[in-house]
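Labels below follow one simple rule: chain letters A, B, ... track the order of the sequence lines, proteins then strands, and each chain is numbered from 1. Scope of the values below: all heavy atoms of this structure, side chains included, with no hydrogens, waters or symmetry mates.
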Amino acid sequence: VMTQSPLFLPVTPGESASISCRSSQSLLHSNGNNYLDWYLHKPGQSPQLLIYLGSDRAPGVPDRFSGSGSGSDFTLKISRVEAEDVGVYYCMHSLQARTFGPGTRVEIK
Amino acid sequence: EEQLVESGGGLAQPGGSLRLSCVASGFSFRSFSMNWVRQAPGKGLEWVSYIGAPGDDIHYVESVRGRFTISRDNAQNSLYLQMNNLRAGDTAVYYCARASPGLDVWGKGTTVTVSS
């Protein structure tokens, strides 16, 4: 089971924002990788990968997005939020069968 | 350009069947594991199924196990989802997505509506 907090996050452009994701099981594999991804789903678009393996930024993703954490506790940080960052953010574990978190809706104040 | 295009969605009656297809282009399809993800109206994303690159490692979300079958044809660059005994709760937009290891390439989705 994946949980996220908060579920709704109003943000001010230029400020930073953080989303927490917790798993009921450890996502740290014996190979040293944390099998946790972050996605952004904007209205009317397909979801896009932001972060994979806990902290690796996907190609083309701005460096204001960063992922951290290990085991069962992870955080997505958006520094200097921009208007285009609005949407629903999901964490997802990728150990064999996958599970998405419930999503965090980010809106501009 | 790396691309995935889904098709096969539509209206089905409860208990009916549909077969979704996803055609890949712009990359070596046979080298990547693939997934189906869905989003029901007003709900969040739900992972549905995974198939490894050779096609021998398969996983399903519990709610579709025994009703849905994922498969692939690497010679045709195609991914499939056979959906049987459909329920109203299966109504959703279905996306195929490449795993590399994150789900880095997504299709635009195909809509499945289960209703009498």
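- The environment of CZ in A:R22 is sparse: at most 12 heavy-atom neighbours from other residues, nucleotides or ligands sit within 6.0 Å.
- Taking non-hydrogen atoms and a 4.5 Å limit, the residue list of residues 58-90 of chain B in contact with chain A, ordered by number, reads B:H59.
- Residue contact with chain B, scored on non-hydrogen atoms closer than 4.5 Å, is absent for A:I51.
- Rounded to the nearest 0.5 angstrom, B:E6 CD and A:S46 OG are separated by 7.0 Å.
- Applying the ring-ring contact (aromatic ring centres under 6.0 Å, His included) definition to pairs two or more places apart or across chains, those involving residues 6-33 of chain B are B:F27-B:F32.
- Among A:P47, A:A97, A:S94, the residue with the largest count of heavy-atom pairs under 4.5 Å with chain B is A:P47.
- Interatomic distance, CG of B:L45 versus NE2 of A:H41, reported as 6.0 Å (0.5 Å rounding).
- Only the side chain of B:N35 comes within contact range of chain A, with at least one heavy atom under 4.5 Å from a heavy atom of that chain.
- Contact annotation for A:Y39: only side-chain heavy atoms (C-beta onward) come within less than 4.5 Å of a heavy atom of chain B.
- Under the 4.5 Å side-chain heavy-atom criterion for Ile, Leu, Val, Met, Phe, Trp and Tyr, A:L95 and B:Y50 are members of the same hydrophobic cluster.
- A continuous path of hydrophobic side-chain contacts links A:V61 to A:I19 [ILVMFWY only; heavy atoms under 4.5 Å].
- Residues of residues 83-92 of chain A lying within less than 4.5 angstrom of chain B, judged on heavy atoms, are A:Y90, A:M92 in numerical order.
- Contact detail for B:W47 and A:R98: the closest heavy-atom pair is CE3-O, 3.0 Å.
- Neither the backbone nor the side chain of A:A58 comes within contact range of chain B; no heavy atom of the residue lies under 4.5 Å from a heavy atom of that chain.
- Hydrophobic clustering (side-chain heavy atoms under 4.5 Å, transitive across Ile, Leu, Val, Met, Phe, Trp, Tyr) keeps B:V23 apart from B:Y95.
- If you measure heavy-atom distances from B:V48 to chain A, you find no contacts under 4.5 Å at all.
- Hydrophobic clustering (ILVMFWY, side-chain heavy atoms < 4.5 Å, transitive): B:V5 and B:L18 are in distinct clusters.
- No continuous path of hydrophobic side-chain contacts links A:L28 to A:F74 [ILVMFWY only; heavy atoms under 4.5 Å].
- Using a 4.5 Å heavy-atom cut-off against chain A, the contacting residues of residues 99-116 of chain B are B:A99, B:P101, B:G102, B:L103, B:D104, B:W106, B:G107, B:K108.
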